[in-house]
Amino acid sequence: MKATAKAHTNIALIKYWGKRNEALILPTNNSLSLTLDGFFTTTTVDFQENLTQDQFMLDNKPVKGDSHQRVTKFLDLIRGLAGKENLYATVHSKNDVPTAAGFASSASGFAALAAAGTKAIGLELDNPELSRLTRQGSGSASRSIYGGFAEWEMGNKEDGSDSFAVPIAPAGHWDVRVAAVVLSSTMKKVSSREGMKRTVETSAFYSGWIDSIPKDLVEIKDAIKTKDFEKTGSIAEANCLKMHATTLAANPPFTYWHDATMRVMQTVQHMREKGIPAYFTIDAGPNVKVLYLPEDEETVQQTLRNIPGVTDVILSKPGQGISYL
Ligand code: DP6
């Protein structure tokens, strides 16, 4: 009972930042992302009758502790759905995401695990069902089921049955590019899970963040549909700044930005002043992702590489949704 699946990570243009139910991973707002072809996880799940517990190998190394625990808990959900509570698996994952550089691999990781695990155990889920399941591994992973642009609808039911992602536009709709800017000091101190929890519970700006989301979503979906790059980029950049502002008003306050993060942000704004449309977004860490158009690739890449503190720039196109190998 074995299957292999591949899933790409995604970058949120409208951020998911807060949970209303931590156990079920139900968000306080809708979010919208672009799936990236440059970063992916390939996972093989093999359920075997003779196993007495799950085994998890990441990049050929056995994983124990919290990460193993998270995988087992997620496989429990799959076993529950299939009615095969005592069937354990070996899980082999390979990350083509620079994890050490502080890039979130949980989105591609849980999407690939959900796809491979359900197929291996014999479940046939459609994409909304798969997204709903994936959400319970990591919220942002719910969007990686789809290629291109996807929106995670928060839903309002207590049981989370209406909280899953839907496709907005496929990868082929629009060739926008994303440069992932890797910085030298990258160890994040506050995980996204802990950071969003502290923000929901204590940030004086949290209600302002939530109130502003519906308008951002309506406008960015219109901009994506009409391929209005300036509008898409400026909404995404402003949404990112609002999310990060909530952390400054939390108690205790915190920020994910480092000095080099700010240098990248300022350089992107300078590029715009010189007529190159480029926009930044930042997740729960210091690294920056820059949105740009294909014709500006050389200039954007060179400019970003010259910033002190930047160790690498990884370019990506829109990526596909989950696939089975
Ligand atoms: C800032 O999906 O990593 O990247 O649901 O607790 O696993 P959990 O959190 P996670 O949070 C991602 C937060 C973000 C914004 C986003 O991707 O929308």
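All ligand and atom numbering here is 1-based and tracks the order in the structure.
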Give the single entry among R143, R193, H244, R135 that approaches atom 16 (C) of ligand 1 most closely by any heavy atom.
R143
Just distances here: any N/O of [X] and N/O of ligand 1 closer than 3.5 Å?
X    : result
S31  : no
G139 : yes
S140 : yes
N10  : no

Once you restrict to heavy atoms under 4.0 Å, what part of A12 touches ligand 1? Side chain, backbone, both or neither.
side chain
How does S192 reach ligand 1, by side chain, by backbone, by both or by neither, if only non-hydrogen atoms under 4.0 Å count?
side chain
Ignoring hydrogens and angles, state whether a donor on the side chain of [X] or [Y] is under 3.5 Å from an acceptor on the partner side chain.
X    : Y    : result
S161 : D159 : yes
N10  : T35  : no
W17  : T28  : no
R143 : S31  : yes
N239 : E237 : no

In terms of atom number and element, which parts of ligand 1 are under 4.0 angstrom from non-hydrogen atoms of [X]?
X    : value
I25  : 5 (O)
K19  : 5 (O), 6 (O), 8 (P)
S138 : 2 (O), 3 (O), 5 (O), 7 (O), 8 (P), 10 (P)
A284 : 1 (C)

Shortest non-hydrogen pair, A250 vs T199, comes out as CB-CA, 4.4 Å
So does Q302 have more than 12 non-hydrogen atoms from other groups sitting under 6.0 Å from CD?
yes
For F74 and F110, what are the C-alpha separation, side-chain angles and deciding distance, and is it a ring pair (Phe, Tyr, Trp, His ring centres under 6.0 Å)?
CA-CA 9 Å; F74 191 75; F110 278 101; 5.4 Å; yes
Contact with ligand 1 for R70, non-hydrogen, under 4.0 angstrom:
yes
